[in-house]
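Input: a single structure, listed below in structure tokens.
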Amino acid sequence: MKLKKMFIAITMSLMVFHFGSIAWAKPVKGLMMYWRGETDCAKGFRAGLAQLGYEVSATEFDAAQDKEKLDRFLESLDETQYDFIYTFGTTVSTKAAKRVTNTPIFYGIVTNPVKAGLIKSWESSGNNTTGVSHAIPYEDQVDFLLSLGSFKTVGMVYNPSEKNSQIALEELGRLLKAKGVAFAAEPVDSEQSIENAVSNLISKKPGLIYLPSDSFIQTNGVTIISKINNKNIPTYAALPKYLESGAMIGVVSSYHSVGMELANNADLVLKGSAPSSVPSKTLPLSMQKIKLNTKTAERIGADIPYYIISNAEIIK
């Protein structure tokens with residue numbers, strides 16, 4: 001009898017826990033908008049929302065790096081069908097914000113949302129958006145890459161049609177000039193133009209080549225980086241993916257960490273705060289890392305200062 005009563009009590013407590021868990025999870029309907037498919041940022045965002053107690057049912061759209069496809073989708077979008085819209089990258093985020101003016105937009109992986117015109121300031125977007133940038137301030141990046149050596153010229157390959165690259169072009173040019181360092185940049189916007197762009201850049205004898213936060217450059221990273229490595233020129237990576245593709249070094253933020261942090265912004269909005277009252281932000285310094293591809297460094301014969309090596313996460 002006692003065992004039977006104990007079994008009933010345990011069963012009832014499990015039922016209470018089960019139904020309590022269901023009641024606790026808050027269902028929300030979202031639209032997940034991608035520029036080049038789902039990334040770790042989106043995965044981190046979903047994981048963060050789940051940890052915060054949300055049960056997300058999401059519709060997904062992938063622009064596949066096609067602006068016309070993105071425009072067509074936005075023209076037909078009924079924003080009232082969603083509790084929130086997640087956007088990845090500068091192009092998707094800025095275009096979505098022009099079309100969607102009421103439903104909260106949570107953006108990730110936008111290098112400089114203020115310069116891109118997405119938000120009015122980091123403190124307040126002035127609209128229905130809030131988000132988290134993966135970017136390391138350009139001032140910090142320039143100081144770091146110049147600590148790697150005495151470079152007379154720093155080079156960059158970039159896609160002129162991507163806003164992130166346009167911003168990098170402007171910021172790096174300005175900051176390097178102030179440091180007395182020449183800046184050489186070559187545009188590349190198709191696979192056919194890679195060979196000439198990289199050859200032209202190398203002919204300008206850069207001491208280091210900067211790889212910006214750019215979806216096209218990232219997609220073609222292996223091809224671009226291998227050509228640079230073959231000339232024994234160090235590369236600085238603004239994105240973690242470049243390091244996996246053979247770039248030498250970079251100070252980077254994890255896409256997954258950006259997504260997790262973005263979920264905290266979303267939580268405040270879903271609980272009633274206006275998106276404009278939730279500051280946009282970059283990841284704290286504790287979540288940023290120096291990553292060093294030692295295989296590449298050894299292959300090109302780079303001389304990395306010991307204090308940088310000792311503080312870096314090594315990629316072999």
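All values derive from a computational prediction rather than experimental measurement.
For Glu186 and Tyr158, the side-chain atoms include no donor-acceptor pair closer than 3.5 Å. Using modelled atom types, one finds a donor on one side chain and an acceptor on the other under 3.5 Å when comparing Asn230 with Arg299. Side chains of Thr219 and Gln65: a donor-acceptor N/O pair is present below 3.5 angstrom, by distance only. Using modelled atom types, one finds no donor on one side chain facing an acceptor on the other under 3.5 Å when comparing Tyr107 with Thr130. Side-chain atoms of Asn265 and Lys281 include a donor-acceptor pair closer than 3.5 Å.
Between the side chain of Lys26 and the backbone N or O of Leu270 there is at least one donor-acceptor pair closer than 3.5 Å. Remark: the backbone N or O of Glu79 is paired with a side-chain donor or acceptor of Thr103 at under 3.5 angstrom. Judged by distance alone, the side chain of Ser310 and the main-chain N or O of Tyr306 form a donor-acceptor pair under 3.5 Å. Looking only at distances, a side-chain donor or acceptor of Asp214 sits under 3.5 Å from a matching main-chain atom of Asn159. Remark: the backbone N or O of Thr90 is not paired with any side-chain donor or acceptor of Ser93 at under 3.5 angstrom. Under a 3.5 Å cut-off, the side chain of Asp66 and the backbone N or O of Lys69 do form a donor-acceptor pair. Remark: the backbone N or O of Asn164 is not paired with any side-chain donor or acceptor of Asn112 at under 3.5 angstrom. Judged by distance alone, with hydrogens and angles left aside, the side-chain atoms of Ser277 form a donor-acceptor pair with the main-chain N or O of Ala274 at under 3.5 Å.
Residue Thr282 holds its OG1 atom at 6.0 Å from CD of Gln288, rounded to the nearest 0.5 Å. Met33 contributes atom CE, which lies 7.0 Å from atom CG of Leu77 (distance to the nearest 0.5 angstrom). Here CZ of Phe84 is found 5.5 Å from CG of Leu49. Values are rounded to the nearest 0.5 Å.
Shown here for Thr153 and Ala184, the closest heavy-atom pair between the two residues is CG2-CB, 4.1 Å. What you find for Thr129 and Ala97 is that their closest heavy atoms are CG2-CB, 4.2 Å. Considering every non-hydrogen atom in both Lys241 and Gln218, the closest pair reads CB-OE1, 2.8 Å. Nearest heavy-atom pair, His134 versus Ser213, reported as atom, atom and distance to 0.1 Å: NE2-OG, 2.9 Å. The minimum heavy-atom distance linking Ser276 with Gly126 is given by the pair CB-N, 3.9 Å.
Within 6.0 Å of CD in Glu191 there are 12 or fewer heavy atoms belonging to other residues, nucleotides or ligands.
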> Taking it one step at a time, do Phe88 and Tyr34 satisfy ring pair (Phe, Tyr, Trp, His ring centres under 6.0 Å)?
Replying inline: CA-CA 5 Å; Phe88 173 93; Tyr34 311 137; 7.8 Å; no
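In this structure, Arg99 does not pair ionically with Glu75, as no charged nitrogen and carboxylate oxygen lie closer than 4.0 Å.
Under the 6.0 Å distance and 45° angle rule, Lys29 counts as a cation-pi partner of Tyr82.
Residues Val142 and Met248 are members of one and the same hydrophobic cluster, defined by side-chain heavy-atom contacts under 4.5 angstrom among Ile, Leu, Val, Met, Phe, Trp and Tyr.
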